[in-house]
Amino acid sequence: MLLNLFAIVAFAALVAAADKLENCELHPKIEERILRDTAAWGDAGITEDLVLSVSKHCETEQRIRQHHCNCQPQRILIENGTVYLNNLIPWHRLGPHEHIGLLVELYEASQVYKLPNVEFTYWLDDHPPGEANYILGGAGPHGAPRATAWPYEPKGGLPPMVAWSKHADNGVLMVPYSGAFRCAKDSFDALEASLHEISGVAWADKLPIGFGRWNGFCTYYYGMGLVRTADGQPVPCPRIYLNNVSAAHPDLLVAFDLGVAKPVPLAHQNRYKYIVSTDGWSISSKFDKYLLLGSTVFKAASIRDGFYYDALEPNVHFIPFMVKHKDDIVDAIQWARAHDDEARSMAGAAREFARKHLSRPARLCYLFRLLTHLSKQYKYPVSCSRRKLCVPVVHELRYYAQNEKTNETCPYHEVFDKYAAADTLASPDAARLQEISNMHLEPLHWPRDDL
Ligand SMILES: *[C@@H]1O[C@H](CO)[C@@H](O)[C@H](O)[C@H]1NC(C)=O
Ligand SMILES: *[C@@H]1O[C@H](CO)[C@@H](O)[C@H](O)[C@H]1NC(C)=O
Ligand SMILES: *[C@@H]1O[C@H](CO)[C@@H](O)[C@H](O)[C@H]1NC(C)=O
């Protein structure tokens, strides 16, 4: 009898595992980017000391208390298809969808795909850590092809880290800005679900004017000469400078910061033929959504990439500006007006691209492919048995769903409704949730696996 029961349980587990996908296809350019970025470790591969060196970031109690350094690295380990967390972010820093969105998306990816064993850190910031920048000359530790600015032992190494934007000189791996894709009320997924409504404005009825609206601030890479136009000049801060260009060309451009003009909801911006996109602190999560609007997207020059940017083609999916000189958006809009069919087909190509490569199933496929390539780099057996803490991410999400700081960050019920029945870990009891809550309240909770 007992044996039979065991057989039934084992069979159920087999069926559940067999149901998970083991293959999917990405845009070749996106796949190529993953291959290039995960090749960073060369034959040396990813060693355990590299992974654990992230703990050095939070070496002393003083650093934890004064710099809240344990708020930036979210360590993640995947074993036997289950996603675990190796540290918990302190309670006072919980809330932002930038953090939680990726955890929800990884959980969903683990339910749809058979994820390989991997271990990495999600760096919680608009900017990937400067410590992961490559420096000129020299190989990394253990014979890795390139050295970074990583200051902890092994110095010059590259712990596997993910972030949602980076510039070419940084070694982190890119993941979707999942919070903006799936959590916010005006998320990409929500916008995509209401496409039939926003498609209501016919191209001919849209105003042939460039529209832009944003908070007026400037990120560090503008104005400093890190982004330059073809004439050699530094690109000015687009979010401030476009106020001036708009004032000088009111018939072409109404791209203003919110200190100057009123906000307009995203779903109403499709009344304009041309939508202007600028970086915020980093890449704009609105850019992804603009691609869906059925308008031609104009994108300011930047040195930052998102996970799919390699596959986007300028003048096919969007029109770049601040490329020739700082005022070239004026020429670009005049060009679009004079080439209405081409502008229209770019708007269509952008929407088609977004639906095919940025939709939720495409993002889950991306995570699967990224982690699959990453998993080939490890030189030690990745396992929770080697870690001091391994909290199943679904326990953490259950905790978020009932915590006042996080319960409205993301619609968790979407994943619970869909996957909890088949996931034996998905229903922790009240005592377990209390235990997790206590760990979040302990400011020094930063398990030092490197010791
Ligand atoms: C993963 O599977 C292996 C082999 O069955 C097992 O030894 C290990 O304990 C499992 N790990 C976890 C975290 O369940
Ligand atoms: C924008 O216009 C304001 C007001 O005319 C002017 O003071 C400022 O220098 C201009 N900024 C740039 C970057 O040209
Ligand atoms: C989140 O928690 C607050 C406070 O307990 C509650 O008022 C609100 O209704 C909750 N929201 C959701 C979506 O559960």
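Just the heavy atoms: all of them, side chains too, but no hydrogens, waters or symmetry mates, feed the values below. Everything numeric in this text was worked out from a predicted model, so none of it was measured. Counting starts at 1 for both ligands and their atoms, in listed order.
- Considering both main-chain and side-chain atoms, E408 comes within under 3.5 Å of ligand 3 through a nitrogen or oxygen pair.
- Looking at heavy atoms from C-beta onward, F256 lies out of side-chain contact with L242 at the 4.5 angstrom threshold.
- Qualifying side-chain hydrogen bond (donor to acceptor under 3.5 Å, both in side chains) partners for H268, counting only residues two or more places apart in sequence or in other chains: none.
- A side-chain donor from one of E119 and Y380 sits under 3.5 Å from a side-chain acceptor of the other.
- The closest side-chain donor-acceptor pair between R304 and S165 falls under 3.5 angstrom.
- Pairs engaging residues 418-432 under the side chain to side chain donor-acceptor pair (under 3.5 Å) rule: Y107-D423, E108-Y419, H395-R432, R432-E435 [sequence neighbours left out].
- Polar contact with ligand 2: present for N244 (N/O pair, distance under 3.5 Å).
- For the ring-ring contact (aromatic ring centres under 6.0 Å, His included) test, no residue two or more places apart in sequence or in another chain qualifies with Y400.
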Can you pull every nitrogen or oxygen pair between ligand 1 and the protein closer than 3.5 angstrom?
unit_1	atom_1	unit_2	atom_2	d
ligand 1	2 (O)	N80	OD1	3.1
ligand 1	2 (O)	N80	ND2	2.3
ligand 1	11 (N)	E79	OE2	3.0
ligand 1	11 (N)	N80	ND2	2.9

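- No close placement of the W281 and Y220 rings is indicated, their centers lying 6.0 Å or farther apart.
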